[in-house]
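Throughout, a chain's letter reflects where its sequence line sits, starting with A, and its residues are numbered from 1. Here the structure is a predicted model, which is why all the values come from computation and not from measurement.
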There are 2 protein chains.
Amino acid sequence: MLRLTKRSEYGLMALAFMAQSGQSYTSVREIVAKLRIPRRLLAEVLKDLSRAEIVEAVRGPGGGYRLTSPADQLSLARIVEILEGSVAVAKCADGSSCDLSPSCTIQEGINLVAQRVKSVLDDFTLAQLADRGPQGSQSVHEVAV
Amino acid sequence: MLRLTKRSEYGLMALAFMAQSGQSYTSVREIVAKLRIPRRLLAEVLKDLSRAEIVEAVRGPGGGYRLTSPADQLSLARIVEILEGSVAVAKCADGSSCDLSPSCTIQEGINLVAQRVKSVLDDFTLAQLADRGPQGSQSVHEVAV
DNA sequence: TGAATGGGCACTAAATAGATGCTATATTCT
DNA sequence: AGAATATAGCATCTATTTAGTGCCCATTCA
Ligand code: SF4
Ligand code: SF4
């Protein structure tokens, strides 16, 4: 339906939160306290992001997650790709095979569209996303030091 | 999942086919003969496009569907909007309300992304799509006269 | 009249997405 | 050591959306 999943949205919210917060480690509990999203689901999402090394996790009291790289070097495409597999507008647009492919007359065109949509996500960074949030006055990637 | 539905793809294929074929009326039967897609589903799709006056329908022998406007004046956004409701990358991006909206920190940013994705679809015409298909050598919108 | 062709509705099936439970493991603090 | 805090892993269940189909009616034309 050309729509981002909740997983992506939750992930982006959490990452934006981390980018803004400035603190070193942020726990799921903290994030859930601010944003009103299902705790367990957010945990799943962050775990995936941790596996993909988008964030670094530390357990135990005072632990939580932390971005592994500056927010302005993290594209939405990357995040969405991790959280929902790929950003392909059509099945054939990310290498997957489609049984209609042989007789499909619009494949080439659709792929061009897919490519353009992809670049939109590629060009949008987490920093840009966070900069537009509530606390998004100061440059996020400057603060995160 | 940021992916077009089959409805959209089938619709686009059919419209591209009509744009290329040059003949005045094209029946579901004809389209299905070329493209290997479920007949009944395509019929549903074309009916919706007919309701939206993207195509004009004529019943009876020799009847079928015909584009109501030149292929280069029909954007993918328009078609997708008709076939799947809207092209919003996020729920809130098309006016719909989202219960997370009050506490959502990324709404503004996401809307910007949504807007950009929308313009990709807005700027891509059926003619462009059809021009890249199998028979897409000559300019589609010139032929359709 | 009969064949071709779209129109309308309702329904089933499959795929995706959303959400949660439970237990294990690591870390810190007392 | 033991309690408290946090993430890790896995399985599962439910809800929503998408895909696909059946059946009959209306229109047009030869
Ligand atoms: S564009 Fe054609 S080939 Fe690519 S996924 Fe859609 S149908 Fe399959
Ligand atoms: S962006 Fe925020 S408000 Fe908009 S749909 Fe996603 S969650 Fe709801």
Side-chain angles (χ1 to χ4, degrees), chain A residues 1-11 13-14 18 23-33 35-66 68 80 83-86 88 90-91 96 98-100, chain B residues 1-11 13-14 18 23-33 35-66 68 80 83-86 88 90-91 96 98-100:
Chain A
M1 197 225 266
L2 211 43
R3 184 165 299 179
L4 254 27
T5 63
K6 293 285 183 198
R7 280 175 64 83
S8 290
E9 292 200 334
Y10 294 160
M13 282 188 222
M18 286 185 246
Q23 54 182 295
S24 59
Y25 288 101
T26 311
S27 69
V28 171
R29 183 182 45 73
E30 285 178 275
I31 300 176
V32 166
L35 285 23
R36 287 308 167 77
I37 59 187
R39 187 183 63 85
R40 289 286 294 94
L41 189 46
L42 176 62
E44 290 295 323
V45 166
L46 282 170
K47 193 172 34 180
D48 288 348
L49 291 172
S50 175
R51 280 209 194 93
E53 296 182 69
I54 294 297
V55 294
E56 174 194 3
V58 166
R59 303 192 212 187
Y65 297 95
R66 179 175 64 173
T68 54
V80 171
L83 261 19
E84 44 190 86
S86 85
K91 195 178 175 190
S96 310
C98 169
D99 25 307
L100 297 177
Chain B
M1 196 224 268
L2 210 44
R3 184 165 299 179
L4 254 27
T5 63
K6 291 286 182 197
R7 281 174 63 84
S8 290
E9 292 200 335
Y10 293 160
M13 283 188 221
M18 287 186 244
Q23 55 182 295
S24 59
Y25 288 100
T26 311
S27 70
V28 171
R29 183 182 45 72
E30 286 177 277
I31 300 176
V32 167
L35 286 21
R36 287 311 168 74
I37 58 187
R39 187 184 63 84
R40 290 284 293 94
L41 189 46
L42 176 62
E44 291 294 323
V45 167
L46 282 170
K47 192 172 38 180
D48 288 347
L49 291 173
S50 175
R51 280 209 193 92
E53 298 181 69
I54 294 296
V55 294
E56 173 193 4
V58 166
R59 302 192 213 189
Y65 297 95
R66 179 175 63 174
T68 55
V80 171
L83 260 19
E84 44 191 84
S86 85
K91 195 178 176 191
S96 310
C98 169
D99 24 308
L100 298 177

Check: Would A:Thr68 and A:Glu53 count as having a side-chain donor-acceptor pair, cut-off 3.5 Å?
Finding: no

Next item on the list: Taking only the side-chain nitrogens and oxygens of B:Ser50, find out if one of them lies under 4.0 Å from OP1 or OP2 of C:dG7.
Entry: yes

Check: How long is the line joining CZ of A:Arg3 and C1' of C:dA15, in whole Å?
Finding: 18 Å

Check: Rounded to whole angstrom units, what separation is found between the CZ atom of A:Arg51 and the C1' atom of D:dG9?
Finding: 7 Å

Check: D:dC23 C1' sits how many Å from B:Lys47 NZ, rounded?
Finding: 12 Å

Note to self: Measuring from the side chain of A:Tyr65 (C-beta onward, heavy atoms only), which nucleotide among C:dG7, D:dA8, C:dG18 has the closest atom?
What the structure shows: D:dA8

Check: Of B:Glu84 and B:Arg59, whose closest DNA chain D nucleotide lies nearer the 5' terminus?
Finding: B:Glu84

Next item on the list: Please determine, for the side chain of B:Ser27, which listed nucleotide (C:dA19, C:dT5, D:dT7) has the closest atom?
Entry: C:dT5

Notebook entry, point to check: On DNA chain C, nearest-nucleotide positions of A:Pro61 versus A:Leu4: which is more 5'?
Noted result: A:Leu4

Notebook entry, point to check: How close do A:Ala14 and A:Ile31 get, heavy atom to heavy atom, and via which atoms?
Noted result: CB-CD1, 4.0 Å

Next item on the list: Mind checking B:Tyr25 for me? I need base, sugar-phosphate or nothing, with any heavy atom below 4.0 Å counting as a touch.
Entry: nothing

Next item on the list: Give the rounded distance in Å between these two atoms: CD of A:Glu44 and P of D:dA8.
Entry: 10 Å

Next item on the list: Would you indicate whether the side-chain heavy atoms of B:Val28 and B:Tyr65 approach each other to under 4.5 Å?
Entry: yes

Item checked: Nearest atoms (heavy-atom pairs only) where A:Lys6 meets B:Cys98 -> NZ-SG, 4.5 Å

Next item on the list: Specify the separation, in whole Å, of atom NZ of A:Lys6 and atom P of C:dT20.
Entry: 13 Å

Item checked: B:Arg36 side chain to A:Leu100 backbone, donor-acceptor under 3.5 Å -> no

Next item on the list: Could you check how far CZ of A:Arg29 sits from C1' of D:dA6, rounded to whole Å?
Entry: 9 Å

Checklist line | Between C1' of C:dT5 and CD of B:Gln23, the distance in whole Å | finding: 14 Å

Check: Roughly, in whole Å, what's the span from CZ in A:Arg7 to P in C:dT20?
Finding: 14 Å

Notebook entry, point to check: Counting side-chain heavy atoms from C-beta on, which of D:dT18, C:dG18, D:dT28 comes nearest to A:Thr5?
Noted result: C:dG18

